[in-house]
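First up is the structure itself, then whatever we jot down about it.
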Amino acid sequence: MSENLEVARALREIADLLDLLGERFKPAAYQRASRSIESLTEDIAEVAKRDQLRAVPGVGEAIEEKVREFLRTGSIDYLVKLRAEVPPGVLELVHIPGVGPKTARRFWTDLGVQNPAELRAAIDAGRLVGMTGFGPVKIAKIHAALDQATMAGLRRPLLEAARVAERIVSALRERAPVDQVEVAGSFRRRRETVGDLDILVTSAEPEKVFDVFESLEGATVALRGPTKETIRTSEGWQVDLRVVAAESFGAALQYFTGSKDHNVATRSLARDRGLKINEYAVMRGEERLPSATEADIYRSLDLPWIPPEIREAQGEIEAARSGRLPALLEPSDLLGEFHLHVAPSVDDAALAQLAGAAHRAGLRSIGLVPESDAEAARLGAWAVKRTSPRVLVGREVKFGDPVPNSLALPAFVVWSAAGVEPPRPERAARPHGPTGWLGHLGGDPETAAGPRRIAAWVDWATATKMPLEVTSGPGYDGLDSVSLRRFTEANGRVVVSELGLGTERTRALAVGTARRAWVTKASVLNAAGWP
DNA sequence: GCCGTTTTCGGCCCGACTGTTTTCAGTCG
């Protein structure tokens, strides 16, 4: 598993380099293969072993050979050769907002500029003045972008995106003349990390909506047209707002939710049927088909509506076509929350309040996680009196440490993998103790070491039938949806935790992470229907 | 480089926006 990301990165770098060298279609081909391998739920080395690489979308004869070379030797000759043709800093030029491969290539070949620092020096020395295609406005924009280039291209945790999205959406609902408002893009698909926010609204008065949008606190306008405006928030988020007609809302929502590969697949289905889908409507020749809702769009393809979380071109189209879409976990399926840390200072009144909140949230049981044995004893005495919801007292224990049992065994254990190296697979034994599950897998998903660690833990959990905890993203527990899907497909069980109570946001995000992994309530220990 | 029950060759998503243009190229999503 660990090599998937490395292979994807190598292919992505080939794509970027080819782009800079002016290749026409190869970059897109390498990009597609890279994306496809990145979101693969299976170990690429296993796929290669089974001789199924060509079945991966976007992998043909040439890329198969390069993947095999990488798996065999850890590098790709072709990539090494390309790197030699392009100075390393030139790749960074492409990451400056507003600078693409064509522009970066001209800086490099026409001006000899090889990295962002040299570009800044060239601008300061006035060397761009007089180059065709570079007026004063464009030069100033590039200079400004260089000053804040650090934010560009960065993806941040889903939970962080949720806070920004909620703030903007509620401001628009309150202050702007909008009807429907929806956040599309990777946020709506609940990707673990989000690069920018894409908001769609319907409104009869787009200009007024934009006026409100750009007056949000800390907002600076990046661009504004009649149907679209882009701002940058003070925290560095890029937020796009599009105003569409109500009759196009479904088409636009489907289009801007993506993923890119899912859209390629739906468009190709449309083509097979003599239809054409764009962001405004489904068209049959000159005839406009209903496009106000996403269901309209999928109906035109004879498909049921597909939940956004699984729109990744990873089998959802085929499943929809054959009527085998899974009934994904719903927030209302969760009947227990078992990861409620309680402070030592918490008194009976506060506990009663917590239980009341859980009851109102529809939970039948909750699990309290105190920090000490003394606290556990005190909470245990209180808990036996509660029946609605039922209250259990558990402990969070560092994996490998003994379970504390000074008075009574805790009812459950959250094993924390934080900072603990995964056991070797041959030592596939669950720790002794009460019912437990493994959380805090840790690891940074954006670095190479993170996924490898997580994969090792997931392999171990699969072998030992240890359940895994799912929360609202890798910012907390490190478990990404690709690994999670692999785990549940191998019959792994999960506990979905929002790590708190009464915040719709965290529950929605935790459930969203599970849904991305095609998790149904049958795999979820704290859901309805679990024996 | 990939892909195909209309193609094994000839296509490759496409529209919005910007800045520079006198009709368009580049970037972005």
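Just so it is clear: chains get the letters A, B, ... in the order the sequence lines come, proteins before strands, and each one is counted from 1.
- Residue-level contact check: T230(A) touches neither bases nor backbone, having no heavy atom under 4.0 Å from any strand.
- Closest to the side chain of P101(A), out of dT27(B), dG29(B), dG1(B), is dT27(B).
- Under the 4.0 Å criterion applied to side-chain N and carboxylate O atoms, R175(A) and D211(A) are not assigned as salt-bridge partners.
- Taking a 6.0 Å sphere around CZ of R50(A), one finds it holds more than 12 heavy atoms contributed by other residues, nucleotides or ligands.
- Residues from residues 127-142 of chain A placing a heavy atom under 4.0 Å of any atom in DNA chain B, listed by number, are G133(A), F134(A), G135(A), P136(A), V137(A), K138(A), K141(A).
- In summary, E316(A) and R311(A) do not engage in a salt bridge, as defined by a charged side-chain N under 4.0 Å from a carboxylate O.
- Figure legend. dG4(B) is base-paired to dC9(B); pairs are counted as Watson-Crick or G-U wobble with both atom distances under 3.5 Å.
- Salt-bridge check for E64(A) with R54(A): passed, with a basic side-chain N closer than 4.0 Å to an acidic carboxylate O.
- Residue Q238(A) places none of its side-chain N or O atoms closer than 4.0 Å to OP1 or OP2 of dC28(B).
- Rounded to a whole angstrom, the distance from the P atom of dT27(B) to that of dT20(B) is 14 Å.
- Counting to the nearest Å, the P atom of dT20(B) and the CZ atom of R106(A) are 12 Å from each other.
- Looking at heavy-atom distances under 4.0 Å, N263(A) makes no contact with the nucleic acid at all.
- Contact between the side-chain N/O atoms of K66(A) and the OP1/OP2 oxygens of dG1(B) is found at a separation under 4.0 Å.
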- Start with the C-alpha gap between S481(A) and R516(A), add the side-chain angles, then the distance that decides, and say whether side-chain hydrogen bond (donor to acceptor under 3.5 Å, both in side chains) holds. CA-CA 6 Å; S481(A) 59; R516(A) 266 182 79 67; 3.2 Å; yes

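- If you check every strand for non-hydrogen atoms under 4.0 Å, R242(A) touches nothing.
- Aromatic rings from F70(A) and Y78(A) are positioned such that their centres are separated by 6.0 Å or more.
- Proximity of residues 27-37 of chain A to DNA chain B (heavy atom under 4.0 angstrom from any strand atom) is restricted to A29(A), Y30(A).
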- Message: As a quick check of understanding, evaluate salt bridge (charged side-chain N to carboxylate O under 4.0 Å, His left out) for D110(A) and R127(A), giving each step before the final call.
- Response: CA-CA 10 Å; D110(A) 296 2; R127(A) 293 180 59 212; over 6 Å; no

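- Between dG1(B), dT18(B), dA16(B), one nucleotide has an atom nearer to the side chain of Y280(A) than all others, and that is dA16(B).
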- Item | Candidate pair R188(A) and E294(A), rule salt bridge (charged side-chain N to carboxylate O under 4.0 Å, His left out), full reasoning | CA-CA 13 Å; R188(A) 184 161 180 252; E294(A) 281 192 331; 2.8 Å; yes

Can you tabulate the close N/O pairs, meaning under 3.5 Å, that link protein atoms to atoms of nucleotides 9-14 of chain B?
unit_1, atom_1, unit_2, atom_2, d
dC13(B), N4, K260(A), NZ, 3.3

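- Comparing the P positions of dT22(B) and dG15(B) gives an interatomic distance of 25 Å, to the nearest angstrom.
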- Would you check, one step at a time, whether the test side-chain contact (heavy atoms from CB on, under 4.5 Å) holds for I142(A) with F107(A)? CA-CA 12 Å; I142(A) 292 173; F107(A) 288 151; 4.0 Å; yes

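- Taking atom C1' in both dT6(B) and dG11(B), one finds a spacing of 14 Å when rounded to whole Å.
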- Do E330(A) and R515(A) pass the side-chain contact (heavy atoms from CB on, under 4.5 Å) test, and can you show the C-alpha distance, the side-chain angles, and the key distance before you say yes or no? CA-CA 8 Å; E330(A) 298 285 343; R515(A) 288 166 61 88; 3.4 Å; yes

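- A gap of 25 Å separates the P atoms of dC28(B) and dT23(B), to the nearest Å.
- Other residues, nucleotides and ligands contribute only 12 or fewer heavy atoms inside 6.0 Å of the CD atom of E217(A).
- Side chains of L241(A) and I199(A) form a contact here, defined as non-hydrogen atoms less than 4.5 Å apart.
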